[in-house]
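Proteins come first, then strands; the chains are lettered A, B, ... in the order of their sequence lines, and each starts at number 1.
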2 protein chains.
Amino acid sequence: MSFGETFKALSDPARRQILELLKKGPLSAGDIGSHFDMTGATISYHLKVLKQADLVFESREKNYIYYQLNTSVLEEIMLWVSTLKGGTNANVEGE
Amino acid sequence: MSFGETFKALSDPARRQILELLKKGPLSAGDIGSHFDMTGATISYHLKVLKQADLVFESREKNYIYYQLNTSVLEEIMLWVSTLKGGTNANVEGE
DNA sequence: GAGGTATTTAGAAAATATTCTAAATACTCC
DNA sequence: GGAGTATTTAGAATATTTTCTAAATACCTC
């Protein structure tokens, strides 16, 4: 995992929207695609980018591939941003 | 400000390094450039990207332009990531 | 205001990212 | 194993990003 890869993955609006959809729970590639005006191939490309950035992982079930959020990388992002912002650790509240 | 712009700005390693340099305090464009093997024009380009993302702001003094971190946008990023990650607000600790 | 330093802008080349169509793979269920 | 659905991969077209060189602007000092 690299921050560059993660931030790049987060820089695309479609990919951010995918992550927000996944916030509610796992979805198949097809389900995700139905929210966008893009071909399945393009959705698959975006999912690959998110997967390579470790922002999502997949699990196979029946004839579907379900995607879900990987929150551990989000933690790392928070930590990096927080360290840059402030000071020494990842506290957000207080100061 | 848009998240896309901010994440895109953060996706480049040189730009992240610039931000880390600025963490210690304001620096002129030339000072920043001296840390990189790039032309001044390229540094200027990266500073423009960071400025447009509101991650830095500039102040002019004598013949120099000093750049410094703008932490308020970092707050917003933290909030967005945190909301995606978790739950309801920006708390990092505890859970 | 002329000369000097700092920085940005313009324009072009090269690299990377995004999207599509068409074809391939993967897996299920009969 | 064959038909059918879900998803990915390949390859190409277009758009965007990154970098450079050369020139322009901005500002200071004398």
Colleague: Starting at the 5' end of DNA chain C and moving along, which residue's nearest nucleotide shows up first, E61(A) or M38(A)?
Modeller: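 The residue closer to the strand's 5' end, by nearest nucleotide, is M38(A).
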
Colleague: What's the angle between the local helix axes at either end of the helix from dG1(C)-dC30(D) to dC30(C)-dG1(D), using five pairs per end and rounding to 10 degrees?
Modeller: 30°

Colleague: Can you tell me the distance, in whole Å, between the CG atom of L50(A) and the C1' atom of dA17(C)?
Modeller: 14 Å

Colleague: Are Q68(A) and F57(A) packed together at the side-chain level, in the sense that at least one heavy-atom pair is separated by less than 4.5 angstrom?
Modeller: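 They are in side-chain contact.
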
Colleague: Let me know which of L10(A), L50(A), L55(A) forms a side-chain contact (heavy atoms from CB on, under 4.5 Å) with R15(A).
Modeller: L50(A)

Colleague: How many angstroms lie between CD in Q17(B) and CG in D12(B), if you round to the nearest 0.5 Å?
Modeller: 10.0 Å

Colleague: Going from CG on L47(B) to CD on E58(B), what distance comes out if it is rounded to the nearest 0.5 angstrom?
Modeller: 9.0 Å

Colleague: Any side-chain heavy atom of T71(B) within less than 4.5 Å of one from L84(A)?
Modeller: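 Of all side-chain heavy-atom pairs linking L84(A) with T71(B), none is under 4.5 Å.
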
Colleague: Atom OH of residue position Y66(B) - does it have more than 12 heavy atoms of other residues, nucleotides or ligands inside 6.0 Å?
Modeller: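 Correct, the count exceeds 12.
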
Colleague: Table please: side-chain donor-acceptor pairs of residues 31-40 of chain A below 3.5 Å, with sequence neighbours left out.
Modeller:
residue: D31(A); atom: OD2; partner: S28(A); partner atom: OG; Å: 3.3
residue: S34(A); atom: OG; partner: D31(A); partner atom: O; Å: 2.7
residue: H35(A); atom: ND1; partner: D31(A); partner atom: O; Å: 3.1
residue: T39(A); atom: OG1; partner: T42(A); partner atom: N; Å: 3.2
residue: T39(A); atom: OG1; partner: T42(A); partner atom: OG1; Å: 3.1

Colleague: Kindly write out the residues that satisfy salt bridge (charged side-chain N to carboxylate O under 4.0 Å, His left out) with K48(B), not counting sequence neighbours, or none if the list is empty.
Modeller: none

Colleague: Kindly indicate, with the supporting measurements, whether the criterion side chain to side chain contact (heavy atoms under 4.5 Å, CB included) is fulfilled by T83(A) and K23(B).
Modeller: CA-CA 9 Å; T83(A) 301; K23(B) 194 184 154 184; 3.7 Å; yes

Colleague: How long is the line joining NZ of K62(A) and C1' of dC30(C), in whole Å?
Modeller: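 Between C1' of dC30(C) and NZ of K62(A): 14 Å.
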
Colleague: Check DNA chain C against residues 12-20 of chain B and give the residues with a non-hydrogen atom under 4.0 Å, in numerical order.
Modeller: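 Correct list: empty, so none.
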
Colleague: Mind checking what makes salt bridge (charged side-chain N to carboxylate O under 4.0 Å, His left out) contact with E20(B), not counting sequence neighbours?
Modeller: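 Applying salt bridge (charged side-chain N to carboxylate O under 4.0 Å, His left out) to E20(B) gives none.
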
Colleague: Can you tell me if the side-chain N/O atoms of H46(A) get under 4.0 Å from OP1 or OP2 in dA17(C)?
Modeller: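 False: H46(A) side-chain N/O out of range (4.0 Å or more) of dA17(C) OP1/OP2.
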
Colleague: Using whole Å, what does the distance between atom P of nucleotide dC20(C) and atom CZ of F36(A) come to?
Modeller: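 Whole-Å distance recorded here is 12 Å.
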
Colleague: At under 4.0 Å, does any side-chain N or O of T39(A) touch on OP1 or OP2 of dC20(C)?
Modeller: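 So the side-chain polar atoms of T39(A) do come within 4.0 Å of the phosphate oxygens OP1 or OP2 of dC20(C), strictly under.
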
Colleague: Any protein N or O atoms within reach of nucleotides 1-10 of chain D? Criterion: under 3.5 Å, listing atom names and distances.
Modeller:
residue: dT5(D); atom: O2; partner: N63(A); partner atom: ND2; Å: 2.9
residue: dT7(D); atom: OP1; partner: A29(A); partner atom: N; Å: 3.2
residue: dT7(D); atom: OP2; partner: G30(A); partner atom: N; Å: 2.6
residue: dT8(D); atom: OP1; partner: Y67(A); partner atom: OH; Å: 2.2
residue: dT8(D); atom: OP2; partner: S44(A); partner atom: OG; Å: 2.9
residue: dT8(D); atom: O5'; partner: S44(A); partner atom: OG; Å: 3.2

Colleague: Report the C-alpha separation of W80(B) and R16(A) in whole Å, then their side-chain angles, then the decisive distance to 0.1 Å, and conclude whether the side chain to side chain contact (heavy atoms under 4.5 Å, CB included) test is met.
Modeller: CA-CA 10 Å; W80(B) 185 87; R16(A) 286 198 306 283; 3.6 Å; yes

